[in-house]
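First the structure, in the form of structure tokens, and then the observations on it.
In what follows, chains are A, B, ... by sequence order, proteins preceding strands, each numbered from 1.
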Protein chains: 2
Amino acid sequence: MADTPTEADPDPHEEIMRATYRALREHGYADLTIKRIADEYGKSTAAIHYHYDTKDDLLTAFLDFILDQFKDTVHEVETTDPEQRLELLLDKLLVDPRDHQDLLVAILEMRSQVPYNDQFRERFQQNDEYVQYLLRTVIDQGIKTGVFDDVDTDHVAQALMIIVDGARTRAVVFDEEDSLETARQTAAEYVTAALVADD
Amino acid sequence: MADTPTEADPDPHEEIMRATYRALREHGYADLTIKRIADEYGKSTAAIHYHYDTKDDLLTAFLDFILDQFKDTVHEVETTDPEQRLELLLDKLLVDPRDHQDLLVAILEMRSQVPYNDQFRERFQQNDEYVQYLLRTVIDQGIKTGVFDDVDTDHVAQALMIIVDGARTRAVVFDEEDSLETARQTAAEYVTAALVADD
DNA sequence: CCCTTTTGACTAATCGGTTAGTAAGTACAT
DNA sequence: ATGTACTTACTAACCGATTAGTCAAAAGGG
């Protein structure tokens, strides 16, 4: 009857995270209840509470779960050429998400809870710092090897973050995946205008 | 006992909208209930239901309420110089919000409900189209008068929208109003690089 | 007197969370 | 191998609180 009548499912925690994912996708954060998660899990609500004391604990664990997924998709690439490295990183931030639209929605929605949840804010800030660090590193490398102009690394990294966030937000709100494409182009234009040495 | 024991408050609808605003700011969308709105309103929940049949009706009306406020802050400026007009428009989209942080939070939060609420999506799309129209108009005027290069108006307008949305999102999530400043600078850099004729 | 507005009391449903108890598996000494 | 003890993973039933929404009655100004 179940959709995966195969082998035993290993970790209940992992299963609950996936169930939370599905429940969130279907009902949205505001209407996300233990009951709905339990339904997706295929077990009782008490089963959820056996593994997670409170709803808050579960949601915090879930945020860690999806941010880990995000980190995986952005994971660094093996290239020594700074320009190519930056291009690939921006691709991962702006092109890849099209295949992970659900992840994008989940992240956006939980992010909008930041003003009301300290746990969420802490984790999103840390995640943001990580991505910004990746960008800064690539830009710095480019400057050191003379491929990029000697610009304000912090400013450029932040500017690119703004473009990335804007594009991802718009890709979710208006499902025009178009905006990811436009953003990719905009980011490229910005990099060329602000970074690439033209002397 | 009330905080405004002055004159008679005219429109109950307006008062309820303001109460909703306060309740939303304090508890967040996910924990926004009729009871909390009624508490802010200073009346019973039944009083709310007298003016709005359902919670959904109220929230849709509230979205119209805040989007109208947004439109007011962006309202066009009287200038004929395209470059100055664009600068002022970007200022309104990126500098002004610092004095309306609450409005920004409310909009962001309701926007993240778009995937689950058709009414919301419709209104946000219309609002977005309006802002984009303003941008396109200014850019077109600049091109016509030769101040701007003959660029793809649609693309540039969309690129600026991405920057604006990204900045506003980041300004809410990380309270660094810094990001609005950075975005303002980034937008200016982008305009210079992509629009201003340099021949 | 009427009409708008508001209240208090209510309902059915759902909320997050607790409880006692069960079934299956593991560990280990005998 | 067998009995005992303990752990993991769960269920059914239930808890008090809260949810959105209803309705008859009452308040109160024109």
Look at B/R111 together with B/D165 and state whether they make a salt bridge at an N to O cut-off of under 4.0 Å.
yes

I'd like to know if B/E87 pairs up with B/K92 as an ion pair, taking the criterion as any Lys NZ or Arg NE/NH1/NH2 lying under 4.0 Å from an Asp or Glu carboxylate oxygen.
no

Return whichever of A/H51 or A/T45 has its heavy-atom-nearest nucleotide of DNA chain D closer to the 5' end.
A/H51

Along DNA chain D (nearest heavy atom to each residue), the more 5'-positioned of A/K43 and B/H49:
A/K43

Can you see whether [X] engages [Y] through a side-chain donor-acceptor pair at a distance of less than 3.5 angstrom?
X      : Y      : answer
B/D128 : B/Q132 : yes
B/E189 : A/H155 : yes
A/D96  : A/T73  : no

What residue among A/E26, A/H27, A/E109 forms side chain to side chain contact (heavy atoms under 4.5 Å, CB included) with B/Y116?
A/E109

Between A/Y29 and A/L59, is any pair of side-chain heavy atoms under 4.5 Å apart?
yes

Reading DNA chain D in the 5' to 3' direction, which nucleotide is the first one with an atom under 4.0 Å from a heavy atom of chain A, and which is the last?
D/dT8 to D/dA12

When all nucleic acid strands are considered with a 4.0 Å heavy-atom cut-off, which category describes B/Y41: base, sugar-phosphate, or nothing?
sugar-phosphate

Remember a base hit wins even if backbone is also touched, and classify A/S44 as base, sugar-phosphate or nothing at under 4.0 Å, heavy atoms.
base

In a table with atom names and distances, give each donor-acceptor pair under 3.5 Å that connects a side chain of residues 39-47 of chain A to protein atoms at least two apart or in another chain.
{"residue": "A/D39", "atom": "OD2", "partner": "A/K35", "partner atom": "NZ", "Å": "3.1"}
{"residue": "A/E40", "atom": "OE1", "partner": "A/R22", "partner atom": "NE", "Å": "3.0"}
{"residue": "A/S44", "atom": "OG", "partner": "A/A47", "partner atom": "N", "Å": "3.3"}

Taking the nucleotide of DNA chain C with the closest heavy atom to each, which residue, A/D53 or B/I48, is nearer the 5' end?
B/I48

Using a 4.0 Å cut-off to any heavy atom of chain B, which nucleotides of DNA chain C are the first and last in contact, reading 5' to 3'?
C/dT4 to C/dG8

